Amino acid sequence: MKHLLTTTAFLAFSASAALAQTVGFSQIGSESGWRAAETTLTKQQAEERGIDLKFSDAQQKQENQIAAIRSFIAQGVDAILLAPVVATGWDSVLEEAKEAEIPVVLLDRQVDSDKSLYLTAVGSDLVHEGEVAGKWLVDAVSGEECRVVELQGTTGSSPAIDRKTGFEKGIEGADNIEIVRSQTGDFTRAQGKEVMESFLQAENGGKDICALYAHNDDMAVGAIQAIKEAGLKPGEDILIVSIDAVPDIFQAMAAGEANATVELTPNMAGPAFDALDAYLADGTEPEKFIQTESKLYTQDDDPAGEYERRKGLGY
């Protein structure tokens with residue numbers, strides 16, 4: 001009986017996997033460890049399902065993504081996965097995909113387009129992520145005055161917009177907490193370090209900074225290096241809270257150099273392919289937003305163990 005069930009499940013899976021034989025994937029680039037993990041897991045998910053994944057790295061440029069999507073359409077792919085570099089400017093190319101009857105699934109970021117132009121979006125509640133980070137800081141400083149510097153993500157991207165909105169919501173009503181400087185670090189480690197250096201210089205060598213809020217862990221890791229080079233102790237002299245939960249931030253937390261991170265799972269492709277399978281099988285329309293789970297991790301949550309569990313995921 002068990003063998004029969006296993007065989008039946010395998011056949012059902014094989015039939016499902018065959019529905020989308022070719023899928024185009026337009027990835028933003030590799031600006032962060034999290035992004036690299038998303039790419040790795042998407043390729044793994046496609047291989048496990050027998051899907052021919054046509055991958056395009058946009059190198060952080062929207063024009064490259066638009067060109068890739070048009071190429072996918074010309075090739076007649078069965079579906080398109082899009083991790084959009086910015087939120088605006090997608091209407092025309094999404095219209096082209098719709099006219100070609102190719103469903104588009106957004107991964108981890110949203111677009112400011114009519115919802116009829118894409119099948120669904122898979123991602124975290126980005127505002128909620130920022131709010132969790134903000135509330136953690138409110139609790140951590142316990143009413144003491146706290147001047148915060150903020151490393152924003154790529155200007156115009158939905159994570160940068162929403163994670164800023166959420167953090168401000170999280171600290172709302174805490175008159176002791178003030179964001180004194182906010183600048184984009186473009187989600188990269190190098191830019192995070194560079195911008196943090198300017199923050200430190202502008203804030204009495206960093207002595208006037210209570211905490212850093214970074215829109216992703218990679219910028220936080222870059223900022224940690226800048227703080228150490230300035231002769232301060234990250235995690236002590238300056239509290240560090242960021243988003244993504246990549247392996248390197250857990251290493252920093254284990255060393256006492258970072259304080260908290262909010263998880264963003266890199267496995268967006270699994271739910272995306274499931275939604276595509278159901279849609280291509282019988283036209284089942286998924287919800288317009290498929291939310292993944294987020295979780296707050298602090299130094300109390302076995303950061304060394306979390307690093308070991310995550311280091312092989314492609315980050």
Side-chain angles (χ1 to χ4, degrees), residues 28-35 38 58-62 83-89 108-112 123-138 146-172 174 177-203 206 208-227 234 238-246 248-249 252 258-264 294 296:
I28 293 168
S30 55
E31 85 283 12
S32 66
W34 185 91
R35 185 69 54 191
E38 182 190 42
Q59 299 179 329
Q60 280 78 32
K61 295 180 180 178
Q62 184 181 33
V85 65
V86 293
T88 60
D108 75 81
R109 294 188 178 188
Q110 300 280 356
V111 297
D112 291 336
S124 171
D125 184 332
L126 300 171
V127 174
H128 175 66
E129 290 175 349
E131 187 175 3
V132 169
K135 288 182 176 178
W136 173 84
L137 184 61
V138 171
C146 186
R147 292 166 57 86
V148 180
V149 294
E150 178 183 28
L151 284 169
Q152 296 184 42
T154 303
T155 302
S157 69
S158 56
I161 295 167
D162 292 346
R163 287 174 178 174
K164 181 174 182 62
T165 298
F167 185 79
E168 290 173 352
K169 184 178 178 182
I171 64 173
E172 190 175 9
I177 298 176
E178 178 187 6
I179 300 173
V180 295
R181 297 188 184 276
S182 183
Q183 186 175 327
T184 181
D186 209 26
F187 283 128
T188 69
R189 196 168 299 198
Q191 281 292 99
K193 182 176 186 291
E194 183 177 321
V195 176
M196 190 67 201
E197 289 171 344
S198 70
F199 286 163
L200 292 164
Q201 185 175 9
E203 293 291 328
D208 293 340
I209 300 173
C210 159
L212 163 69
Y213 166 50
H215 290 192
N216 80 342
D217 292 335
D218 277 82
M219 290 189 295
V221 171
I224 286 168
Q225 186 61 39
I227 294 168
I238 298 176
L239 300 178
I240 312 287
V241 58
S242 53
I243 298 175
D244 279 355
V246 305
D248 282 355
I249 203 67
N259 304 90
T261 185
V262 182
E263 183 177 34
L264 172 65
S294 298
L296 175 71

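These numbers were taken from a predicted model, which means no experiment stands behind them. Below, all heavy atoms of this structure are taken into account, side chains as well, without hydrogens, waters or symmetry copies.
Two residues are said to be in side-chain contact when any heavy atoms from C-beta on lie closer than 4.5 Å; R163 and N216 meet this criterion. With a 4.5 Å cut-off on side-chain heavy atoms, S242 and I249 count as touching. At least one side-chain heavy atom of I177 sits under 4.5 Å from a side-chain heavy atom of V138. Between I209 and R147, the closest side-chain pair of non-hydrogen atoms is not below 4.5 Å.
For the pair W136 (side chain) and A260 (backbone), a donor-acceptor distance under 3.5 Å is absent. In this structure a side-chain-to-backbone donor-acceptor pair under 3.5 Å is missing from E194 to A223. Between the side chain of H215 and the main chain of Q152, no donor-acceptor pair closer than 3.5 Å is present.
In terms of heavy atoms, Q110 sits closest to S158 at N-OG, 3.1 Å. Taking both residues in full, the closest heavy atoms of G206 and I238 are given as O-CD1, 4.0 Å, listed atom of the first, atom of the second, then distance. The minimum heavy-atom distance between D186 and T184, with the atom names listed, is N-OG1, 3.0 Å. Heavy-atom minimum distance, R109 versus P159: NE-CG, 3.4 Å. D108 and A83 make their closest contact through OD2-CB, 3.8 Å (heavy atoms, listed as atom of the first residue, atom of the second, distance). The two residues V180 and V149 come nearest to each other via the heavy atoms CG2-CG1, 4.1 Å.
Every residue two or more places apart in sequence or in another chain that forms a side chain to side chain contact (heavy atoms under 4.5 Å, CB included) with E168 is listed here: K164, I179.
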Q | Check against side chain to side chain contact (heavy atoms under 4.5 Å, CB included), V132 and L296 | A | CA-CA 7 Å; V132 169; L296 175 71; 3.9 Å; yes

Q: Apply side chain to side chain contact (heavy atoms under 4.5 Å, CB included) to R181 and L212, showing your working.
A: CA-CA 10 Å; R181 297 188 184 276; L212 163 69; over 6 Å; no

Q: Assess whether side chain to side chain contact (heavy atoms under 4.5 Å, CB included) is satisfied between E178 and V148, documenting all intermediate values.
A: CA-CA 6 Å; E178 178 187 6; V148 180; over 6 Å; no

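To the nearest 0.5 Å, atoms CE (M196) and CD (E203) are separated by 9.0 Å. To the nearest 0.5 Å, atom CD of residue E172 and atom NZ of residue K135 are 10.5 Å apart. Between atom CG of residue L264 and atom CG of residue D125 there is a gap of 11.0 Å, rounded to the nearest 0.5 Å. Here the straight-line distance linking atom CD1 of I243 with atom CZ of F187 works out to 8.5 Å at 0.5 Å rounding. Taken from CD1 in I28 to NZ in K61, the straight-line distance is 15.0 Å, to the nearest 0.5 Å. Note that the CG atom of L151 and the NZ atom of K193 stand 12.5 Å from one another [nearest 0.5 Å].
Using a 4.0 Å cut-off between charged nitrogen and carboxylate oxygen, D162 and K169 do not count as a salt-bridge pair.
Residues in residues 209-227 take part in these salt bridge (Lys or Arg N to Asp or Glu O under 4.0 Å) pairs, two or more places apart or across chains: R189-D218. Residue pairs meeting the ring-ring contact (aromatic ring centres under 6.0 Å, His included) criterion with at least one member in residues 151-170, sequence neighbours excluded, are F167-Y213.
Judged by distance alone, the side chains of E129 and S124 do bring a donor and an acceptor atom under 3.5 Å apart. Counted by atom type alone, T154 and Q60 present zero donor-acceptor pairs between their side chains at under 3.5 Å. A side-chain N or O of S182 and one of E150 form a donor-acceptor pair less than 3.5 Å apart.
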